[in-house]
Each structure stands twice: as structure tokens, then as C-alpha cells.
2 protein chains.
Amino acid sequence: MDSKKDIFRSVRGRDDFESVLYHLAETFRVLGDLTRVRILMALTGSEMRVRDLAEALDLTDSAVSHQLRILRNSRLVKFRKEGKNVVYSISDDHVATIFREGIEHVEGM
Amino acid sequence: MDSKKDIFRSVRGRDDFESVLYHLAETFRVLGDLTRVRILMALTGSEMRVRDLAEALDLTDSAVSHQLRILRNSRLVKFRKEGKNVVYSISDDHVATIFREGIEHVEGM
DNA sequence: CCCACTATTGAATAATTGTTCATATGAACG
DNA sequence: CGTTCATATGAACAATTATTCAATAGTGGG
């Protein structure tokens with residue numbers, strides 16, 4: 001059980017340390033695009049179909065689909081098929097927490 | 001006072017909503033680079049000079065300095081001058097929290 | 001079956017970005 | 001001062017990437 005202060009020390013000691021950092025950077029890189037942030041923010045409200053996202057965010061279906069694939073690959077969103085639709089949603093709580101902290105960080109800039 | 005679930009709704013309602021999302025994406029974009037992640041991770045251990053970072057991470061001084069400027073601009077690190085040295089450190093707790101959640105997200109990938 | 005609707009994919013293009021190298025600034029010190 | 005050490009900066013290059021457009025595939029209704 002790590003104290004909040006010690007988690008970094010324990011991570012630093014792992015033998016796959018650099019691999020963790022690589023995946024971490026990769027995850028942030030995926031989050032670091034306005035379109036993907038807008039998609040994720042929309043999904044914090046409720047799950048949505050590709051078409052709904054495209055319409056709500058004023059993007060082409062193609063652009064949304066491309067970005068959703070990237071978000072899927074980083075396990076930031078999950079999806080299920082429903083007839084001819086595909087419904088996407090935020091994959092887990094970490095994403096929401098990261099978003100919350102990120103918002104608090106940028107508040108007052 | 002927002003409940004954890006409502007923060008997104010309250011952010012979505014703000015008139016500078018898109019601006020918040022822009023800065024949020026910008027912050028993640030800055031975090032989304034392996035070199036910068038390595039620098040920040042090193043700084044979670046203790047504050048460091050530019051030279052120390054360069055040596056510890058096997059980078060040129062120039063590369064580190066360039067990246068530190070980017071991190072500074074996003075207020076992810078702060079610094080103070082000490083003679084001819086400049087000592088950098090993590091700017092606030094949000095950064096550490098975002099890192100922690102990010103690490104938990106990538107665990108098991 | 002066709003047709004409309006939804007989603008995905010691949011190629012091409014335009015734009016962004018991290019590193020290197022060379023140079024500049026500035027501080028301490030003999 | 002002149003030299004050394006630490007940091008910052010600017011330009012150039014290579015590499016990555018988001019979007020658009022065109023095409024493909026799968027679903028369900030009439």
C-alpha cells in the first residue's frame with residue numbers, strides 16, 4: 001500500500017520503468033488534441049454514437065472515426081455495437097479523474 | 001461546491017468552455033512527450049538543475065532547456081535561480097495527481 | 001434485392017514538433 | 001578582464017500527425 005508521496009518512488013524502481021513512462025507519455029499524447037478532448041468531454045455527459053458526436057462537434061464522420069480509433073487503442077474509450085450504430089463511452093474512472101485534475105490545473109490561466 | 005459527478009456539467013456550461021478545453025488539450029499535449037515525462041518524473045524525486053537533468057537523462061543541455069521552456073509555459077514546472085544555476089521543480093499537486101492517475105491507467109497494458 | 005444510413009479505412013496533404021548545432025547571455029572566479 | 005561553467009535561444013531538418021476525400025463494408029427497412 002503506497003502513500004501518495006511514495007508511488008513515484010515505487011514506479012521508479014520497477015524494471016519496466018521506462019516502458020511505463022513510454023505508455024504514460026503515449027496516453028497523454030492521445031489526450032493532447034483538441035478534437036479528442038472535445039470528444040471525451042462530450043462522452044462524459046453520456047455515451048454517444050459516432051454520428052451524434054460528429055453532429056454535436058461539427059466534424060465529419062470520418063474525422064470522428066479516425067480519432068475514436070486512436071482513443072480506443074489507448075483504452076480511453078470503449079464501445080458496443082447496436083444494430084448499425086456503434087455507441088462509445090468513457091472507458092474508466094481514471095480518465096475522468098485525469099480530466100478533472102487537468103481542468104483544475106488550467107483554471108486561472 | 002461540485003460533486004465529483006457534476007464538475008463536467010458545470011464546466012460544460014461555462015461561456016469560456018471551448019477555451020478551457022483548448023488549454024486542457026494544450027496541457028496534455030505538453031505532457032505527451034517521452035522526454036518531458038522523463039523530466040517531470042525525475043523532478044518528482046527532487047528539484048534539479050538543468051545540467052543534472054541532462055546528465056541523469058542522457059540528453060543535451062539544449063534539449064533539456066528547450067523542453068523546460070515548454071513545461072514552464074504550461075506552468076507544469078517552476079524554477080528559481082541560484083547563482084549561475086537554475087533549479088527546476090514540479091509546479092503543483094495537480095501535476096502529481098495527473099501523473100499518478102495516468103500511471104494507474106497504463107498499468108496493465 | 002436495392003437503398004439509405006452508419007461506420008471504418010487508406011492515401012494524400014498540410015501543419016506541427018523534437019532534436020541538433022551553433023551561437024549568445026550571464027554569472028562566478030582567479 | 002578573460003575564462004569557464006550553466007543556461008537559453010534561433011534556425012534547420014526529419015519525423016509525426018490531423019484532416020479531407022474517396023472508397024468500402026455492414027446493417028436494417030421497404
Side-chain angles (χ1 to χ4, degrees), chain A residues 18 21-43 46-91, chain B residues 18 21-43 46-91:
Chain A
E18 283 289 333
L21 293 197
Y22 175 82
H23 287 297
L24 187 59
E26 171 69 14
T27 299
F28 288 135
R29 191 185 60 74
V30 169
L31 291 174
D33 174 80
L34 181 56
T35 299
R36 289 191 288 266
V37 165
R38 292 176 72 222
I39 289 174
L40 288 171
M41 185 60 70
L43 293 179
S46 68
E47 57 179 22
M48 287 199 205
R49 303 177 311 143
V50 177
R51 275 263 66 247
D52 295 335
L53 284 166
E55 197 177 324
L57 305 178
D58 196 30
L59 299 165
T60 64
D61 297 344
S62 178
V64 172
S65 189
H66 275 297
Q67 301 302 348
L68 283 172
R69 183 165 54 81
I70 294 172
L71 290 168
R72 259 191 279 130
N73 289 344
S74 290
R75 311 218 195 308
L76 291 166
V77 299
K78 58 181 195 256
F79 67 99
R80 68 168 200 280
K81 299 197 175 165
E82 208 173 59
K84 55 183 166 185
N85 302 316
V86 179
V87 184
Y88 282 84
S89 55
I90 301 280
S91 84
Chain B
E18 284 289 333
L21 293 197
Y22 175 84
H23 288 296
L24 186 59
E26 172 68 13
T27 299
F28 287 135
R29 191 184 60 73
V30 170
L31 292 174
D33 174 81
L34 182 57
T35 300
R36 290 191 288 267
V37 164
R38 292 176 72 223
I39 289 174
L40 288 171
M41 184 61 70
L43 293 179
S46 67
E47 57 180 21
M48 286 200 205
R49 303 177 312 142
V50 178
R51 276 260 67 248
D52 296 334
L53 283 167
E55 197 176 324
L57 305 178
D58 196 31
L59 298 165
T60 64
D61 297 344
S62 178
V64 172
S65 189
H66 275 297
Q67 300 302 350
L68 284 171
R69 183 166 53 81
I70 294 172
L71 291 167
R72 260 191 278 129
N73 289 343
S74 291
R75 312 219 195 309
L76 291 166
V77 299
K78 58 181 195 254
F79 67 100
R80 70 169 199 280
K81 299 197 173 163
E82 209 173 58
K84 54 182 167 186
N85 302 317
V86 180
V87 184
Y88 282 86
S89 56
I90 302 280
S91 85

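It should be emphasised that the depicted structure is a prediction, and the values quoted were computed from it without experimental measurement. The figures that follow rest on heavy atoms only: side chains count, while hydrogens, waters and symmetry mates do not. The chains referred to below are lettered A, B, ... by the order of the sequence lines, with proteins before strands, and numbering in each begins at 1.
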Enquirer: Taking side chain as C-beta onward, heavy atoms only, is B/Leu76 less than 4.5 Å from B/Leu31?
Expert: yes
Enquirer: To the nearest Å, how far apart are B/Leu34 CG and C/dT17 C1'?
Expert: 15 Å
Enquirer: Need two values: the first and the last nucleotide of DNA chain D, 5' to 3', having an atom under 4.0 Å from any heavy-atom of chain B.
Expert: D/dC5 to D/dG10
Enquirer: Have a look at A/Phe79 and say if it touches a base, only the backbone sugar-phosphate, or nothing, with a 4.0 Å heavy-atom cut-off.
Expert: nothing
Enquirer: Checking B/Glu82 against B/Arg49 for the salt bridge (charged side-chain N to carboxylate O under 4.0 Å, His left out) test, could you report, in this order, the C-alpha distance in whole Å, the side-chain angles of both residues, the deciding distance, and whether it holds?
Expert: CA-CA 9 Å; B/Glu82 209 173 58; B/Arg49 303 177 312 142; over 6 Å; no
Enquirer: Do A/Val77 and A/Leu40 touch side chain to side chain, with heavy atoms closer than 4.5 Å?
Expert: yes
Enquirer: Would you indicate, yes or no, if C/dT6 has its OP1 or OP2 atom less than 4.0 angstrom from a side-chain nitrogen or oxygen of A/Arg49?
Expert: yes
Enquirer: For B/Arg51, check side-chain hydrogen bond (donor to acceptor under 3.5 Å, both in side chains) against everything at least two apart and list the hits.
Expert: B/Asp61
Enquirer: On a plain distance test, is the side chain of A/Ser62 in donor-acceptor contact with the base of C/dT9 below 3.5 Å?
Expert: yes
Enquirer: Atom CD of A/Glu55 and atom P of C/dT6: how far apart are they, to the nearest Å?
Expert: 9 Å
Enquirer: Checking all strands, does A/Ile70 fall into the base, sugar-phosphate, or nothing category for heavy-atom contacts under 4.0 angstrom?
Expert: sugar-phosphate
Enquirer: Would you indicate, yes or no, if C/dT19 has its OP1 or OP2 atom less than 4.0 angstrom from a side-chain nitrogen or oxygen of B/Gln67?
Expert: yes
Enquirer: Base, sugar-phosphate or nothing for A/Asn85? Non-hydrogen atoms, less than 4.0 Å.
Expert: sugar-phosphate
Enquirer: Does A/Glu55 have more than 12 heavy atoms from other residues, nucleotides or ligands lying within 6.0 Å of its CD?
Expert: no
Enquirer: For the pair made of CD in B/Glu26 and C1' in C/dT16, what is the distance, rounded to whole Å?
Expert: 12 Å
Enquirer: If only atom types and distance count, is the side chain of A/Arg36 paired as donor or acceptor with the main-chain N or O of A/Val30 below 3.5 Å?
Expert: yes
Enquirer: Tell me the interatomic distance from B/Leu59, atom CG, to C/dG18, atom C1', rounded to whole angstroms.
Expert: 11 Å
Enquirer: If each of A/Ala63 and A/Arg29 is mapped to the nucleotide of DNA chain D with the nearest heavy atom, which maps nearer the 5' terminus, i.e. the 5' end?
Expert: A/Arg29
Enquirer: Send over the distance from A/His66 NE2 to C/dA14 P, rounded to a whole Å.
Expert: 17 Å
Enquirer: Nearest whole Å is fine: how far is C/dT6 P from A/Glu82 CD?
Expert: 13 Å
Enquirer: Pairs in or reaching into residues 65-87 of chain A: which pass ring pair (Phe, Tyr, Trp, His ring centres under 6.0 Å), with residues at least two apart or in two chains?
Expert: A/Phe79-A/Tyr88
